[in-house]
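All ligand and atom numbering here is 1-based and tracks the order in the structure. Computed from a predicted model, the values in this text were never measured in an experiment.
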Amino acid sequence: MKLFVDTANLAEIEALVPLGIIDGVTTNPSLISKQGADMAETIKAICSIVKGPVSAEVTATEFSKMLEEGKYLASLAKNVAVKVPLTVDGLKTCRALREQGTMVNVTLCFSAAQALLAAKAEATFISPFVGRLDDIGEKGMDLIDDIVVMYENYGFDTEVLVASVRTKQHIIDAAVIGAHVATLPPKVIYDLYEHPLTDKGLK
Ligand code: G3P
């Protein structure tokens, strides 16, 4: 299972990379604006620290503007995966960018039907948000299960990237199901190392 870190904070990324467990990074406009730094410079800096895919999200919602923005983001570094929302225009943009060889992460996925459409649009990654589904009383992990089975049934190449991860249990469940990737806030990554019996044994 690949582990991505969900942050735009360079210091957090620099601290995590030497641990040898980080395969990529996901960002979004809110994470970048929290840093108060220039968006393009931040994406370039992250791409120079991490060799794997770095998701950079478009802010436009209309196809031609999204495509233009996506092309610009892809020009910043070879390992940029352009993040687009799961909308009609977003999936149209996904297909157009994929035809140019750009990696695309389709975000804001909340149903298996949406995930099927993203795979047909040849998304590199589909990002179902488990935490936000849990928040509204649904079982986010059931969606991961459905998408993994559905993609296996048809041999789709799109990788299931579990997003909106809040807990260690989310990662365990996603790995048992066989999701390809999970993106974690730094705090959850450090939580994975922890066990009270390890601390007790050390003492
Ligand atoms: O991975 C998506 C993430 O940035 C959103 O997480 O916790 O705001 O639902 P959250």
Side-chain angles (χ1 to χ4, degrees), residues 1-13 15-17 21-37 39 42-43 45-47 49-50 52-61 66 69-70 73 79-87 90-91 93-94 103-112 114-115 118 123-148 158-175 177 179-192:
M1 181 188 219
K2 289 178 228 172
L3 295 182
F4 290 0
V5 58
D6 195 32
T7 183
N9 182 301
L10 296 182
E12 286 177 339
I13 296 168
L16 283 162
V17 166
I21 57 163
I22 300 300
D23 303 294
V25 175
T26 51
T27 72
N28 60 46
S30 342
L31 289 173
I32 290 182
S33 80
K34 258 201 242 170
Q35 300 309 311
M39 189 275 297
T42 305
I43 295 296
I46 296 173
C47 287
I49 303 170
V50 176
V54 173
S55 292
E57 188 165 349
V58 299
T59 53
T61 52
M66 249 193 256
E69 211 182 326
L73 292 170
N79 51 335
V80 165
V82 175
K83 215 196 239 191
V84 300
L86 208 153
T87 59
L91 291 189
T93 307
C94 172
M103 289 187 284
V104 178
N105 176 1
V106 175
T107 191
L108 292 172
C109 170
F110 293 95
S111 80
Q114 290 179 320
T124 315
F125 303 104
I126 180 70
S127 290
F129 277 38
V130 292
R132 291 193 197 179
L133 282 169
D134 291 351
D135 288 346
I136 60 162
E138 292 190 21
K139 287 190 179 157
M141 216 42 73
D142 287 353
L143 174 59
I144 303 303
D145 212 355
D146 286 348
I147 300 173
V148 167
T158 302
E159 295 191 24
V160 180
L161 195 173
V162 182
S164 184
V165 165
R166 310 269 174 77
T167 65
K168 193 192 299 194
Q169 194 60 44
H170 276 149
I171 297 306
I172 297 166
D173 292 343
I177 290 168
H180 308 88
V181 194
T183 188
L184 291 70
K187 186 196 169 301
V188 179
I189 294 180
Y190 289 110
D191 281 350
L192 300 182

Practice problem: Would you tell me which option among Gly140, Gly131, Ser164, Ser127 has the nearest heavy-atom contact to atom 1 (O) of ligand 1? | Solution: Ser164

Quiz item: So, Ser127 versus Thr107: side-chain donor-acceptor pair below 3.5 Å or not?
Solution: no

Quiz prompt | Thr59 side chain to Glu69 side chain, donor-acceptor N/O pair below 3.5 angstrom | solution = yes

Practice problem: Given side chain to side chain contact (heavy atoms under 4.5 Å, CB included), test Val82 with Val84 step by step and report yes or no. | Solution: CA-CA 6 Å; Val82 175; Val84 300; 4.1 Å; yes

Quiz item: Would you call Asp135 and Arg166 a salt bridge, using N to O less than 4.0 angstrom?
Solution: yes

Nearest protein heavy-atom contact for [atom]: which residue, which atom, what distance?
| atom | value |
| --- | --- |
| atom 5 (C) of ligand 1 | Arg132 NH2, 3.5 Å |
| atom 7 (O) of ligand 1 | Arg166 NE, 2.9 Å |
| atom 4 (O) of ligand 1 | Asp6 OD2, 2.7 Å |

Exercise. Report, in ascending order of atom number, the atoms of ligand 1 lying under 4.0 Å from any heavy atom of Thr183.
Key: 1 (O)

Quiz item: Which atoms of ligand 1 have any heavy atom of Phe129 under 4.0 Å away?
Solution: 2 (C), 5 (C)

Quiz item: Touching ligand 1 at all, Asn28? Heavy atoms, strictly under 4.0 Å?
Solution: yes

Quiz prompt | Leu143 vs Leu133 side-chain heavy atoms within contact, under 4.5 Å | solution = yes

Quiz prompt | side chain to side chain donor-acceptor pair (under 3.5 Å) between Thr183 and Thr26, intermediate numbers included | solution = CA-CA 7 Å; Thr183 188; Thr26 51; 2.5 Å; yes

